[in-house]
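Written below as structure tokens is the structure these notes are about.
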Amino acid sequence: VPVSRFRNFSIIAHIDHGKSTLADQLLRWTETVKEREMKEQFLDNMDLERERGITIKLQAARMSYTAKDGEEYVLNLIDTPGHVDFSYEVSRSLVACEGALLVVDASQGVEAQTLANIYLALEQDLEIIPVLNKIDLPGAEPERVLEEIEEAIGLDCSNAIMASAKMGKGINEILEAIVHLIPPPSDTTEDPLRALIFDSYYDPYRGVIVYFRVVDGKVKVGDRIRLMASKKEYEIDEIGILSPTKVPVEELHAGEVGYIAASIKAVEDARVGDTITLASQPATSPLPGYKEAKPMVFCGLFPTETDDYADLRDALDKLKLNDSALSYEPETSSAMGFGFRCGFLGLLHMEIVQERLEREYDLDLVVTAPSVIYRVMLNDGEIIEVDNPSQLPSPQEREVVEEPYIHLEVITPEDYVGPLMELCQGRRGEFKDMKYFTPTRTTLIYELPLAEVVTDFFDQMKSRSRGYASMEYHFLGYRPNELVKLNIMVNNEPVDSLAMIVHRDKAYHVGKSLVEKLKELIPRQQFKIPVQAGIGTRIIASAHIPPLRKDVLAKCYGGDISRKKKLLQKQAKGKKRMKAIGTVDVPQEAFMAVLKLE
Ligand code: GDP
Ligand code: MG
């Protein structure tokens with residue numbers, strides 16, 4: 001098939017609008033995957049993705065389609081992850097395409113993620129084909145949603161396709177639109193090789209598998225390649241296409257999408273966004289847009305059993321092979337002992353790593369509350385970065401503390417505008433703008449500190465809008481603020497892992513509610529436990545956890561066997577995620593208490 005009959009595209013959509021279902025239908029229609037091999041949602045193949053219904057890692061699939069004009073076309077679908085934490089990966093996978101299907105749920109309408117993805121696609125000059133999905137639903141309002149798309153993005157929707165991915169309606173129209181509207185890649189096969197890495201993962205047997213799009217030139221088995229950003233060189237062991245399982249081929253040309261295996265040791269050496277060229281005939285400049293992923297959110301990970309420290313380190317080493325965005329370094333806490341300070345792209349990334357450590361590596365962990373990176377200017381003018389609140393220099397040692405700010409867009413039905421503005425204002429948000437695309441839907445634009453969003457902002461937004469609002473954000477820069485360190489003492493010992501950085505105006509309120517929350521969460525002991533919050537040497541809030549009463553214990557030794565059993569089971573379960581701090585056992589929830597303050 002000549003390059004003029006190649007089409008590279010991706011599907012952009014807000015979560016749950018039907019991207020995976022549509023991708024499945026395209027694979028089915030083109031008979032890329034046999035019906036009996038067709039697992040539901042072939043493209044989301046990680047367990048975690050399936051359970052959470054999100055796409056974390058992008059994948060690609062090559063289909064062969066004979067169009068109504070009688071010609072055979074090769075269609076490469078490049079799937080994109082559907083979460084703000086991974087927007088850099090989305091942007092790279094879009095660069096690998098000439099067009100995109102914009103899937104919008106006809107019963108819902110334009111959401112924050114839809115918009116964010118469209119902006120990325122427009123930046124790359126992609127041809128966008130609007131698809132209104134779920135038109136089979138009784139609540140579908142295709143007319144209204146079309147208007148919304150035109151209004152919000154100014155996209156011409158006269159050729160929009162009405163589809164039901166679930167019922168298989170509109171699939172053929174979509175395939176025809178891909179063939180006729182999306183331009184073919186330009187044929188630059190004679191130029192020096194430049195191929196864009198849009199995904200990679202670590203395979204324990206073969207090393208890193210790299211997914212890429214050949215932009216210029218050609219590449220074949222046995223070629224010695226050079227990665228232009230990491231400056232490493234490798235010989236290609238295998239090259240192939242994804243249909244969607246790996247099928248080896250001899251050679252790939254400009255415009256094609258495929259994978260290589262080249263005994264690469266860690267994904268760090270073949271990062272998303274890097275350019276592959278030939279060692280013998282290198283391109284003069286790499287493809288534009290390469291960025292190293294920078295962790296934005298940090299937390300401490302501590303094994304509940306001190307003996308598991310080495311296992312935790314091994315597990316992190318292994319995860320890192322597959323995740324170049326994960327960062328970690330040893331952390332010693334006076335309260336928690338030995339652990340690691342880990343950096344993540346965002347909250348979802350953090351949750352995914354924690355979950356994998358616990359599931360795949362069978363570790364029991366205590367995780368401290370997420371923090372952002374603060375920039376601190378010391379008295380002598382030196383600027384340091386602080387990702388651990390307990391390490392904030394004292395006011396005597398520092399001049400200025402700066403914190404990261406984000407640009408936030410929330411899209412919501414009008415009814416929830418009030419409560420959502422209240423939420424943003426309560427999180428130190430600065431109101432920027434409010435836009436209406438339709439009489440019933442509104443976009444709120446705020447600038448606010450990232451620290452206020454990495455707590456429970458998303459959950460609050462969902463609950464205040466009954467699930468109807470959606471949000472997207474991007475990093476703006478650092479801004480100075482009156483920030484102070486809040487120290488927490490349990491049983492008269494400072495617990496460094498509970499320390500947090502808060503705005504001076506909120507310190508008293510946060511200290512008070514945190515102390516009350518800890519009082520609920522820390523189990524009673526035989527003795528009275530004081531819990532205090534302070535700034536410097538000044539105590540601003542305190543409470544006591546009363547001792548266990550003797551009669552409560554005594555009752556357990558009575559005749560009620562089942563109750564005693566239940567109690568023991570409960571204790572055993574709770575024990576798993578507890579950390580002994582001095583003589584007091586502090587449960588996991590206590591470290592996350594700051595996320596649940598009213
Ligand atoms: P994704 O998050 O964009 O990948 O969305 P999915 O493809 O996982 O779909 C989300 C949900 O919508 C699933 O329960 C699908 O079965 C359902 N769904 C997808 N397409 C349609 C459709 O055309 N009609 C209806 N009624 N449901 C659909
Ligand atoms: Mg999906």
Side-chain angles (χ1 to χ4, degrees), residues 9-30 32-33 35 38-61 63 77-87 89-90 93-94 97 100-118 120-121 128-146 148-149 160-175 177-178 199 244 348 351-352 411 458 462 467-472:
F9 71 102
S10 62
I11 306 178
I12 55 185
H14 189 75
I15 193 112
D16 276 348
H17 283 202
K19 185 172 76 168
S20 302
T21 312
L22 176 59
D24 287 354
Q25 287 289 359
L26 296 174
L27 294 180
R28 240 180 252 251
W29 192 277
T30 55
T32 308
V33 180
E35 200 75 21
M38 191 88 202
K39 274 184 277 170
E40 198 197 345
Q41 300 194 350
F42 196 93
L43 291 179
D44 290 17
N45 55 13
M46 264 171 81
D47 276 358
L48 264 167
E49 290 187 19
R50 235 167 230 278
E51 279 168 32
R52 288 156 183 263
I54 49 164
T55 310
I56 296 161
K57 276 286 187 185
L58 18 142
Q59 309 266 344
M63 301 170 253
L77 164 60
I78 297 174
D79 196 15
T80 56
H83 192 275
V84 56
D85 284 6
F86 304 100
S87 66
E89 292 191 21
V90 177
S93 58
L94 293 178
C97 300
L101 301 176
L102 164 64
V103 174
V104 182
D105 183 332
S107 68
Q108 304 282 329
V110 171
E111 298 287 358
Q113 231 174 61
T114 326
L115 278 187
N117 285 330
I118 292 171
L120 290 173
I128 296 177
I129 302 171
V131 175
L132 286 196
N133 191 32
K134 308 200 188 182
I135 53 157
D136 59 292
L137 287 179
E141 298 176 277
E143 303 306 314
R144 170 181 74 79
V145 173
L146 278 183
E148 236 175 63
I149 300 174
I161 299 166
M162 302 292 150
S164 165
K166 195 169 172 180
M167 306 301 185
K169 259 180 83 171
I171 307 303
N172 203 7
E173 284 92 319
I174 291 172
L175 287 164
I178 291 169
D199 195 12
L348 177 72
E351 268 179 52
I352 291 167
I411 297 187
F458 184 78
K462 283 289 176 199
Y468 284 113
S470 60
M471 64 180 256
E472 272 288 327

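Just follow the structure's listing: the first ligand is 1, and inside any ligand the first atom is 1.
In terms of polar-atom proximity, defined here as any N/O pair under 3.5 Å, Ala165 does make such a contact with ligand 1. For ligand 1, none of its N or O atoms has an N or O atom of Met167 under 3.5 Å away.
Of the inter-residue distances, the one linking Ile11 atom CD1 with Leu102 atom CG reads 11.0 Å to the nearest 0.5 angstrom. Atom CG of Leu22 is separated from atom CD1 of Ile171 by 5.0 Å, given to the nearest 0.5 angstrom.
Between the Ser470 side chain and the Ala112 main chain, a donor and an acceptor come within less than 3.5 Å of each other. Judged by distance alone, with hydrogens and angles left aside, the side-chain atoms of Lys134 form no donor-acceptor pair with the main-chain N or O of Gln108 at under 3.5 Å.
Environment of NZ in Lys462: crowded, with over 12 heavy atoms of neighbouring residues, nucleotides or ligands closer than 6.0 Å.
Short contacts between ligand 1 and Ser164, defined as distances under 4.0 Å to a heavy atom of the residue, involve ligand atoms 22 (C), 23 (O), 24 (N). Counting atoms of ligand 1 from 1 in the listed order, those under 4.0 Å from a heavy atom of Leu137 are 26 (N). Every atom of ligand 1 with a heavy atom of Ser20 under 4.0 Å away is listed here by number and element: 1 (P), 4 (O), 7 (O). Close contacts between ligand 1 and Lys19 involve ligand atoms 1 (P), 3 (O), 4 (O), 5 (O), 7 (O) [criterion: under 4.0 Å to a heavy atom]. The distance from ligand 1 to the heavy atoms of Asp16 drops below 4.0 Å at these ligand atoms: 1 (P), 2 (O), 3 (O), 5 (O), 10 (C), 12 (O).
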Checking His17 against Asn133 for the side chain to side chain contact (heavy atoms under 4.5 Å, CB included) test, could you report, in this order, the C-alpha distance in whole Å, the side-chain angles of both residues, the deciding distance, and whether it holds? CA-CA 7 Å; His17 283 202; Asn133 191 32; 5.9 Å; no
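One option in Gln113, Lys134, Lys169, Lys166 has a heavy atom closer to atom 11 (C) of ligand 1 than any other, and that option is Lys134.
Proximity of Leu132 to Ile149: side-chain heavy atoms (C-beta onward) are separated by under 4.5 Å at one or more points.
Contact annotation for Asp136 and ligand 1: only side-chain heavy atoms (C-beta onward) come within less than 4.0 Å of the ligand.
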